[in-house]
Amino acid sequence: MTGITGLGKKNTFVLTVRDSDVITAALRQALAEASPEERPGLERSIALVESTAAADEGRLRARWVRSRLTAAGFTGDLASVAAVRALRQAEPGLSLLAAVQLQKEAVAHPE
């Protein structure tokens, strides 16, 4: 997931986009055509995609928040006001309400 849509100034909902089913299908096709040497790596890849796909939306949003804060260079306390400020600077379209809700989810779903 490279971004989350639906976080405008008037919206506080989050739409997560998942395409893990497409990725899993492509990996399974590659596995079906793979040489014996390639099979272990492809099997491991499928297992990773499936385990990531099992994450609920709250965990996905929490992961997204952490990735945005890391990209912005934020290293402080995730539960702080500074984290909300950094998130809004990293994503200027976020309303204060959306940023606070996302921060709460990130705090509720530690890595």
ask   = Do side-chain atoms of D56 reach the backbone of R59 as a donor and acceptor pair under 3.5 angstrom?
value = yes
key: R68 (side chain) donor-acceptor with E91 (main chain) under 3.5 angstrom   = no
task = Please collect all salt bridge (charged side-chain N to carboxylate O under 4.0 Å, His left out) contacts where either partner lies in residues 23-38, sequence neighbours excluded, each pair once.
result = R28-E50
request  = Please list all pairs passing the salt bridge (charged side-chain N to carboxylate O under 4.0 Å, His left out) test where one or both residues lie in residues 70-85, with sequence neighbours left out.
outcome  = none
If you take all heavy atoms of [X] and [Y], which pair is closest and at what distance?
{"X": "P40", "Y": "P36", "value": "CD-O, 3.4 Å"}
{"X": "R88", "Y": "L94", "value": "NE-O, 3.2 Å"}
{"X": "Q103", "Y": "A83", "value": "NE2-CB, 4.1 Å"}
{"X": "A72", "Y": "A90", "value": "CB-CB, 4.0 Å"}
{"X": "V84", "Y": "A99", "value": "CG1-CB, 3.9 Å"}

message = To the closest 0.5 Å, what do you measure between CZ (R61) and CD (E57)?
response = 5.5 Å
remark   = With sequence neighbours left out, the residues meeting side chain to side chain contact (heavy atoms under 4.5 Å, CB included) with A86 are L69, F74
task = Go through the steps to decide whether W64 and E105 satisfy the test side-chain contact (heavy atoms from CB on, under 4.5 Å), and finish with yes or no.
result = CA-CA 10 Å; W64 180 81; E105 275 197 279; over 6 Å; no
task = Check side-chain hydrogen bond (donor to acceptor under 3.5 Å, both in side chains) between Q89 and all other residues, then give those that pass, not counting sequence neighbours.
result = none
Other ILVMFWY residues reachable from I23 by side-chain steps of under 4.5 Å = L27, L31, L42, I46, V49
key: Qualifying residues under salt bridge (charged side-chain N to carboxylate O under 4.0 Å, His left out), relative to R44, sequence neighbours excluded   = none
